[in-house]
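This is a predicted model, so every value here is computed, not measured. Every chain is numbered from 1 and lettered A, B, ... according to where its sequence line falls, protein lines coming before strand lines.
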Amino acid sequence: MPAYSTNEIRRIEEKWQRIWDERAAFKVERDPKKKKYYCLEMFPYPSGKIHMGHVRNYTIADVIARFKMMQGYHVLHPMGYDAFGLPAENAAIKNKTNPRDWTNSCMEEMTRELKRMGFSYDWDRELATCREDYYHWNQWIFLKMFEKGLAYRKKAVVNWDPVDQTVLANEQVTDGKGWRSGALIEKREIEQWFIKITDYAEALLRDLDKLDHWPERVKAMQRNWIGKSEGLELTFDVVDASGKKIDEIQTFTTRPDTVYGITYLVLAAEHPKVKEWTRGTPVEQKINAFVDETRRMSTIERMTEGKDKNGMALGKFFINPFTGDRCPLWVADYVLYEYGTGAVMAVPAHDQRDFLFAKKYDLPIKVVIHPQDENIDEKNMKAAFVEDGIMGESGDFSRIKNVEAKVKIADLAEKKKWGKRTVTYKLRDWLVSRQRYWGAPIPIYYDEQGKPHGIPEEQLPVVLPRDVQFTGSGNPLQSSREFAHYTDRKSGKKFRRETDTMDTFFDSSWYYLRFCSPKDFKQIFAKSDVDHWLPVDQYIGGIEHAILHLLYSRFFTKFLKDLGLVTFSEPFTRLLTQGMVLKDGEVMSKSKGNVVDPDAVISKYGADTLRLFILFAAPPEDELEWNAGAIDGSWRFLSRVWNLVEKSYQKKPSDLPAEPLDDDDRDLERERNVSIQKITDDFTQGFKFNTAISQLMILMNKIEKYQVGSVPRKQFLLNRAVQTVVKLLAPFAPHICEELWENMGGREKSISQVSWPLADEAAMERNVIQMVVQINGKIRGKFDVSPNLSEAQLKEIILRDEKIKGCLADQEIKKFIVIPNRLVSIVV
RNA sequence: GGGCAAGUGGUGGAAUGGCAUACACGCAGGACUUAAAAUCCUGUGACUGCAAGGUCAUGUGGGUUCGACUCCCACCUUGCCCACCA
C-alpha cells in the first residue's frame with residue numbers, strides 16, 4: 001500500500017465515488033419490512049459553488065445517514081435544488097440569456113462538488129423546483145388553496161423593493177431592508193395574492209408543543225413570530241364637537257384593567273376613518289399632509305425615529321362607556337395599522353408609548369393602578385407605571401387587584417355589549433405574488449369583470465414562456481406575447497392571464513414530500529410512499545430558516561392533512577440547526593473577502609479530511625471558526641489509521657486462541673469497547689461528533705502503543721481493534737474506510753453495509769479503580785483499590801495511610817461520604 | 001426595551017454535582033537526516049520550590065452543598081432573534 005499522499009487520496013476518493021455511482025449504492029425503494037429513516041438537509045439554492053456552510057450542513061447529515069445505514073435502517077437521503085429565484089434572473093439580465101441556462105449550469109457544477117464530498121445521496125431522486133414536473137404540483141397546491149379560499153387577492157400596502165422591482169412579504173423585510181437586495185423598502189398599494197396562513201395560526205402555535213426534538217430556541221422564535229395575545233375588543237361611539245354621534249370605532253387592548261385611565265384614542269395613519277372624519281373640516285388639509293407623509297416613510301425611518309412620536313388631533317371625540325367621559329381622537333405614527341384594529345385606546349399612565357405621546361402633546365394623564373404601598377401622583381410621573389398593582393379611581397373596581405379587575409372589566413364589557421374578548425396574532429397573511437419571471441406562474445386567468453378563475457387542473461402546468469425580454473425592470477413575464485392570454489378550450493374565448501409568479505418559499509414548503517415519489521407525473525406524490533417515509537426523522541439546516549421556511553412547511557403539512565393527502569400534522573420530527581462557519585470572527589461572505597473554497601481544500605487534503613475536520617472543530621450547533629492550521633491534525637489522524645493498517649494488520653484470518661488475556665490485552669479490549677459505547681452514545685444523544693472523534697483518537701493512541709510481537713492472540717486482538725476503528729470511522733471518512741475495508745479483506749461490498757459494532761459490557765469492567773480522597777473538599781490522596789468495596793473496607797484502607805493520617809491530625813471525623821468507585825469525602 | 005444562548009490554557013474545545021483543562025492545534029526540546037520536509041518521542045494553565053510538594057485559577061460578586069465550570073440570585077460582556085404588537 002502506498003503512503004496516504006495527496007495523489008493516493010485523489011485515487012481512492014475518485015475510485016469510490018465512481019463505484020457508488022455505478023452501483024447506485026444509496027438508492028432506496030420503499031420496503032415495509034425494514035425500519036425506515038428519512039434524513040434530510042435543507043436543499044440549496046444553486047448559486048454555482050458550494051460554500052463551507054453547505055459542507056458543514058451536508059457533512060453532518062451524511063454522517064447521520066451513514067450511521068443509520070450501518071445500524072440497519074433503510075435510509076432515505078435525497079438531494080435537490082431550490083432552483084427558482086432572483087439571482088438567476090439577475091444573471092440573465094447581465095448575460096442576456098435565459099435564467100434556465102444559468103440555473104442548469106449552476107446545478108451541474110454543484111452536483112459535481114457534492115459528489116466530490118462523497119455524500120450518500122440517492123441521486124435518482126434528485127429534483128429541481130424550476131422543472132415543469134415539479135412546479136406543476138406547486139400550481140396544483142395553489143389551486144387547492146384557491147378553491148378553499150386560502151389563496152385570495154387583496155389590494156394592500158406592500159413592501160416595494162426599488163432595486164429588485166418587486167414586492168416582498170413582511171417576513172422578507174429585515175430592518176426595513178429587502179432580504180436579498182438590502183435596498184430600503186418603499187410602501188406601495190397593488191392587488192396581490194395572499195395565502196391565508198393566519199387561519200392556521202392557532203394550530204401552528206399549539207403544535208409547537210408536540211415538537212419535543214426541536215431546539216427550544218427555534219420554537220421560541222416561532223411562538224414570538226405568531227405572537228398570540230388575548231384581550232378585549234372595545235367599541236366606542238364617535239361624536240362631533242357638538243356631542244352628536246357620527247360613527248363608531250373599534251380598538252384592541254390586552255389591558256382591560258386600564259379602561260378608566262383612557263384619556264384619548266389614537267388611529268394609525270393608514271386607518272380609512274382618519275380621512276373620512278376630517279373631510280370638509282378645517283383640519284382636513286393638515287391631516288391629509290400628515291397621513292401622506294407618514295405613509296411615505298419607509299419602515300426603516302419609522303424605526304430609527306423610534307421613540308419620537310408624532311400625531312395630530314382630528315377634532316372629533318369619543319365616549320368612554322365606563323366613565324361617560326368625552327375624550328379626543330388623534331392620529332399618530334406610532335400605531336400599527338396591520339396589528340389589532342389599527343386603533344388604540346391610550347392610557348398614558350400605564351403605557352410608556354402613550355405616556356411619551358401625552359407628555360409631548362400635553363394630553364391628560366390619569367392614574368388608575370397604584371403600587372401596593374404607595375399612591376402615584378400623575379404630576380410627578382417620570383414614566384408610565386406598567387406593573388401589577390391595586391386599582392383606584394375605577395368605579396366599582398377600585399381597591400381590588402388589577403389582575404382580578406382585568407377579568408371583571410372584560411365580563412362587564414361583554415355583558416353591556418361594549419366589546420368582546422378576542423385573540424389577535426402578529427402573524428400576517430403570506431404575500432406570495434412576485435412580479436418576476438423566474439418562479440412558478442400563478443395558475444389563474446381573469447374574466448371580463450376581472451374576476452379570477454383557476455386554470456383547469458388538467459391543463460397544468462402553466463409553463464413559463466421562452467419569448468421573454470430580460471431588461472432589469474418590471475415584470476419580464478408581461479413582455480411575452482405567447483403568455484399574455486389564456487384561451488378557453490370550449491368557447492375559444494381569450495382571457496387575460498395572471499403574470500405574477502410565486503414566492504420561492506412556496507416551492508420549498510413541500511419538497512420533502514415530493515422526494516418520496518419524484519417521478520410520479522400523475523399526482524403530487526404517491527400516498528403510500530409518503531405514508532411510508534414521512535415524517536422526516538431528522539432535518540438539518542441553518543438557524544436562518546428558523547421562522548420562514550419551517551413555519552411555511554408546517555403550514556403546508558397541516559393544509560395537506562386537511563385535504564386528506566397526508567396523515568401527520570408535523571413534517572419534521574427532529575430538527576438540528578447547525579452553527580455558522582466563521583473566518584476571523586465573521587461570517588464567510590464574498591463581500592468581506594474571507595471565503596474559503598471547499599474545492600481547494602478537497603484538492604489539497606481530500607474530502608475525508610475536510611469532513612473529519614469540520615466535525616471535529618466544534619459541536620454541530622455551535623459556531624465554527626475556520627482555522628486553516630488545525631486541519632493538518634485531521635489529515636495526520638487519517639494518515640495514522642492508514643499506516644496502522646498497512647504496518648500492523650494481518651489479513652490472514654485467525655481465531656482467538658483459548659488462553660487468558662494479560663493486562664495489556666484487557667486494557668486494549670476495554671478501550672475498544674468503551675469507544676464503541678461512547679461513540680454510539682455521542683451519535684444517539686445529540687450528535688456530539690467532536691467528542692466521538694476524540695474518542696477514536698484515544699483508541700488509536702492505545703492501539704499504537706500495543707505490543708504484538710509474534711503472539712497470535714495479540715495479533716487477533718489487534719486485528720479486531722483495527723477493524724473497530726475502521727467501522728467507527730466510516731461515517732466520518734467513508735472513502736478511506738471503504739479502501740481500507742477492501743484491503744483488509746472485508747466480505748461486504750461496501751463498509752456502509754457492515755453492521756455498527758456493539759459494546760461488550762463485561763470487557764469494559766475494571767479490576768482496579770482509583771479512589772480519590774477529599775478532606776474538607778481538598779484532594780489529599782488517591783488509592784488504587786478493587787471496585788465495589790464496602791464503606792468499612794474503604795475506611796480501613798484509607799485511614800491506615802500515613803499521609804491521610806497526617807492530614808487528619810487526630811481530628812474528629814464528622815462525615816465519611818462514599819461515591820461508589822469514584823471518590824471518598826471526609827469532613828472533620 | 002423583551003426573549004434565548006454563551007463566557008474554561010496561547011488557540012479550537014472537553015468535563016452538566018465528584019480528580020478542571022480530555023482530544024487536537026500551536027509552541028519548545030530531542031531522535032532520525034549531509035540538510036530540510038515528513039515521521040516519531042518528551043514537555044507545555046499560572047505562581048512558588050533543588051525536589052517531593054504547596055498555593056491560586058472556569059467573566060464578576062454572593063448563595064446552596066461534604067464537594068460547584070456545572071444548581072440558585074444579582075451584575076458585567078459578547079452573540080443571535082424579536083421589537084412603537086396597544
*Give the nucleotide from the list B/rG18, B/rA86, B/rG13 with an atom nearest to the side chain of A/Ile819.*
B/rG18
*asked:* Of the listed nucleotides (B/rU39, B/rA14, B/rC19), which one gets closest to any side-chain atom of A/Pro619?
replied: B/rA14
_Base-paired stems that RNA chain B participates in, counting runs of 3 or more Watson-Crick or G-U pairs under 3.5 Å_ = B:1-7 with B:76-82, B:10-12 with B:23-25, B:26-31 with B:39-44, B:45-48 with B:53-56, B:59-63 with B:71-75
*Among B/rU39, B/rA14, B/rC66, which nucleotide sits nearest the side chain of A/Val827?*
B/rC66
*asked:* Using only modelled atom types and a 3.5 angstrom limit, is any donor from either the side chain of A/Gln774 or the base of B/rG18 paired with an acceptor on the other?
replied: yes
*Out of B/rC82, B/rA24, B/rG26, which has the shortest distance to the side chain of A/Trp225?*
B/rC82
*Taking only the side-chain heavy atoms of A/Arg217 (C-beta and beyond), determine which of B/rC80, B/rA14, B/rC19 contains the nearest atom.*
B/rC80
*Can you tell which of B/rC23, B/rG26, B/rA86 lies closest to the side chain of A/Arg636?*
B/rG26
*Would you say the side chain of A/Thr263 lies within less than 4.5 Å of the side chain of A/Ile365, judging by non-hydrogen atoms?*
no
*Quote, to the nearest angstrom, the P distance that separates B/rC72 from B/rA52.*
41 Å
_Check this for me, if you would: do A/Glu338 and A/Arg428 make a salt bridge, where the nitrogen-to-carboxylate-oxygen distance has to be below 4.0 angstrom?_
no
*Which nucleotide, B/rC80, B/rC81, B/rA14, lies nearest any side-chain atom of A/Ile547?*
B/rC81
*Rounded to whole angstroms, how far apart are CD on A/Glu625 and P on B/rA6?*
19 Å
